[in-house]
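Before any comments, here is the structure.
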Amino acid sequence: MTRVSFYLGLASMVILSGCAALPDRFSGLFGGGGDGLLPAPEAVSEQTLDDSPPPPPPEGASTVEEFDTTDDADRAAALAVESGNSGSLGVTTVTLGDIAQAGIWLRTPLVTELQMGRAVAGGESINIELRPSGGAVGSGSQMSLAAMRLLGLSLADVVEVAVFVN
């Protein structure tokens, strides 16, 4: 038993001796801005149907209001009642998507191409851009911060949303 303890202790010291270099090697991994393995995160531009999409959140944004860069016109368009037939795509489980991606969108496996639709949850309904996720049907969806706010959904919850195509 003593010999096993000795070797375990020795192995632990060897492993831990390499940890001293970790802060330098991974300083950029979480946005530290150092010369780490990954660059600091930044807003990624994604294809959209919106001719004038909301700007990305400002650098250093830390509140929900700072991350939600949609304006009153964007919100009014999302809340406007659309006339015309909408076909049901089904119900999907939704979580909060990338908060650095501005706009009113739903990334979902229920569509295979970028298109406009409607999302209904909690008695509220909004016009929303449907973005393909590439996942399998039933794998869940991600919704923008602005869309979740318009639907009155908690940003921390996992909720079911009915999705319709325009």
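Throughout, residue positions are numbered sequentially from 1 according to the sequence presented. On a predicted model such as this, the values are computed, not experimentally measured, just so you know.
- Tracing side-chain contacts under 4.5 Å through hydrophobic residues (I, L, V, M, F, W, Y), one never reaches V158 starting from V163; they form parts of separate clusters.
- Taking CD1 of I128 as the reference point, atom CG of L106 lies at 5.0 Å (rounded to 0.5 Å).
- Within the structure, every pair that satisfies the salt bridge (charged side-chain N to carboxylate O under 4.0 Å, His left out) test and touches residues 69-81, not counting sequence neighbours, is listed here: D72-R75.
- Pairs engaging residues 117-129 under the side chain to side chain donor-acceptor pair (under 3.5 Å) rule: T48-E129, E82-N127, R118-S125, R118-N127, E129-R131 [sequence neighbours left out].
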> What's the verdict on side chain to side chain contact (heavy atoms under 4.5 Å, CB included) for L110 and L130, showing C-alpha distance, side-chain angles and the deciding distance?
Replying inline: CA-CA 9 Å; L110 297 176; L130 303 175; over 6 Å; no
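- Of the options I104, T95, L153, T108, a side-chain contact (heavy atoms from CB on, under 4.5 Å) to M143 is made by L153 and by none of the others.
- The local environment of CD in E65 is crowded, with over 12 non-hydrogen atoms from other residues, nucleotides or ligands closer than 6.0 Å.
- If you chain together ILVMFWY residues whose side-chain heavy atoms come under 4.5 Å of each other, F164 ends up grouped with V120.
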Taking distance alone, no hydrogens or angles, what donor-acceptor pairs closer than 3.5 Å link side-chain atoms of residues 144-152 to residues at least two apart or in another chain?
residue : atom : partner : partner atom : Å
S144    : OG   : G103    : O            : 2.9
S144    : OG   : W105    : N            : 3.2
S144    : OG   : A147    : N            : 3.1
R149    : NH1  : D68     : OD2          : 3.0

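- When atom types are taken as modelled, the side chain of T69 and the backbone of P54 share no donor-acceptor pair closer than 3.5 angstrom.
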> For V161 and V91, what are the C-alpha separation, side-chain angles and deciding distance, and is it a side chain to side chain contact (heavy atoms under 4.5 Å, CB included)?
Replying inline: CA-CA 5 Å; V161 175; V91 175; over 6 Å; no
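- Partners of S62 under the side chain to side chain contact (heavy atoms under 4.5 Å, CB included) rule, at least two apart in sequence or in another chain, are E66.
- Scored by the salt bridge (charged side-chain N to carboxylate O under 4.0 Å, His left out) test, D157 finds no partners at all (sequence neighbours excluded).
- Of all the heavy atoms in T92 and S141, the pair that sits closest is OG1-OG, 2.7 Å.
- When the side chain to side chain contact (heavy atoms under 4.5 Å, CB included) test is applied to S139, the partners found at least two apart in sequence or on another chain are P109.
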